[in-house]
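One structure is given here, and the rest of the page talks about it.
When reading the values below, keep in mind they use all heavy atoms of this one structure, side chains included, and skip hydrogens, waters and symmetry mates.
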Amino acid sequence: MAASLSPIPRSIDLNADLGEYSTPGEGSSDRELLSIVTSANIACGAHAGNEAVMREVIAMAAANGVTVGAHPGYGDPNGFGRRELGIPAKRIRDEVALQIREMLEVCAAEGTRLRHVKPHGALYNRASVDAEAANAIAEAVHSVDPGLILVGLAGSELLRAGRNASLTVAGEAFADRAYLAEGTLAPRDIKGAVLDDPEKVADRALRMVLEAAVTSMGGATVRVDADTICVHGDSDRAVALARAVRKRLEANGIRIAPFAV
């Protein structure tokens with residue numbers, strides 16, 4: 001029977017997508033974010049990053065007690081993995097498995113444990129609604145290490161596929177992204193889809209934890225059963241947003257702690 005992480009009352013994980021640069025030493029914002037978040041999703045070299053950057057971010061995460069996850073995406077660095085490529089499920093499975101194995105090898109070399117997998121960008125969005133793509137990702141994770149936790153959008157096909165593959169899953173909510181009424185993320189090309197006001201983002205994160213809800217762009221209430229909240233690491237105000245979210249949650253008695261324990 002598949003396991004599913006249940007939200008611990010008054011506790012939440014805070015994650016960021018990191019390692020999305022090409023030269024070691026460029027990730028100054030990553031270094032700051034790793035003093036705030038509790039889980040890091042590290043690019044595996046397909047949409048961004050490379051082995052040297054992976055090593056650097058893993059080492060920084062370990063130094064801060066931050067749990068490490070693989071962040072596989074489409075092999076599309078020119079589009080930063082945010083263009084839907086429509087590749088077949090078998091290729092998704094093979095490429096995701098390859099990226100996870102590469103991250104496992106780097107983690108092993110750095111003496112760090114890989115705890116979870118969270119797809120990136122267009123692949124993540126596709127797997128949220130496309131059962132075939134979701135199953136391919138879940139199969140890839142299980143084939144590499146069935147003990148890895150699969151992170152996906154709360155209420156998504158990806159979480160359903162993970163449970164069906166007997167994986168532990170973790171539901172994710174996004175404090176800095178707008179939602180559509182059906183519970184998916186608003187496309188980035190829609191005005192207002194990406195949020196950058198620290199106070200508003202912190203307010204949303206607090207409601208996600210206390211009420212398991214967020215208001216969509218059209219005004220509908222969307223349920224979000226989240227084990228972890230994401231603040232994107234590549235935004236210009238990433239550090240300010242993450243700091244505001246953590247401060248607001250802790251001020252309301254919410255413990256910030258990694259889900260991957």
Side-chain angles (χ1 to χ4, degrees), residues 3 5 13-75 77 81 92-121 123-124 127 136-152 158 162 165-170 172 227-228 230-234 242 256-261:
L5 292 174
D13 175 70
L14 185 60
N15 80 75
D17 305 335
L18 304 177
E20 295 175 323
Y21 51 97
S22 58
T23 304
E26 287 183 347
S28 58
S29 63
D30 281 23
R31 187 178 300 277
E32 289 187 75
L33 283 165
L34 285 165
S35 69
I36 302 168
V37 301
T38 45
S39 292
N41 320 301
I42 302 174
C44 302
H47 75 278
N50 53 48
E51 183 177 337
V53 170
M54 288 158 67
R55 286 180 178 274
E56 178 177 77
V57 181
I58 288 168
M60 291 191 294
N64 283 276
V66 173
T67 60
V68 171
H71 196 40
Y74 285 140
I92 290 175
R93 183 176 65 246
D94 293 346
E95 292 186 1
V96 168
L98 177 61
Q99 292 178 58
I100 297 171
R101 289 192 185 98
E102 291 174 348
M103 181 63 75
L104 272 170
E105 290 177 2
V106 178
C107 283
E110 292 298 316
T112 297
R113 180 182 172 190
L114 183 66
R115 303 294 185 91
H116 66 275
V117 176
K118 172 191 166 182
H120 166 78
L123 181 59
Y124 181 100
I137 292 170
E139 290 169 11
V141 174
H142 192 276
S143 71
V144 176
D145 182 351
L148 292 170
I149 298 168
L150 179 59
V151 179
L158 184 57
S166 298
L167 296 171
T168 297
V169 300
E172 181 177 38
D227 301 289
T228 183
C230 178
V231 174
H232 281 88
D234 65 318
I256 310 299
F259 62 80
V261 295

For G19 against V53, the heavy-atom pair lying closest together: O-CG1, 3.6 Å
Tell me the closest heavy-atom pair linking P24 and A52, and the distance in Å. CG-CB, 3.6 Å
Donor-acceptor contact present, side-chain [X] to main-chain [Y], <3.5 Å:
X   : Y    : result
E56 : G25  : yes
H71 : K118 : yes
N41 : A16  : yes
Q99 : G73  : yes
N15 : S39  : no

Looking at R31, I'd like to know if its CZ atom is crowded, meaning that more than 12 non-hydrogen atoms belonging to other residues, nucleotides or ligands lie closer than 6.0 Å. no
Working for side-chain contact (heavy atoms from CB on, under 4.5 Å), residues I58 and C107: CA-CA 7 Å; I58 288 168; C107 283; 3.7 Å; yes
Is it true that D13 and T38 share a donor-acceptor pair across their side chains at a distance under 3.5 Å? yes
side-chain contact (heavy atoms from CB on, under 4.5 Å), paired with P72, selected from V96, V141, I137, L98: V96
Give the intermediate values and the outcome of side-chain contact (heavy atoms from CB on, under 4.5 Å) for residues C44 and R101. CA-CA 9 Å; C44 302; R101 289 192 185 98; over 6 Å; no
side-chain contact (heavy atoms from CB on, under 4.5 Å) between L148 and L167: does it pass, once the steps are laid out? CA-CA 7 Å; L148 292 170; L167 296 171; 5.9 Å; no
Mind running salt bridge (charged side-chain N to carboxylate O under 4.0 Å, His left out) on R55 and E51 for me, showing each step along the way? CA-CA 6 Å; R55 286 180 178 274; E51 183 177 337; 3.4 Å; yes
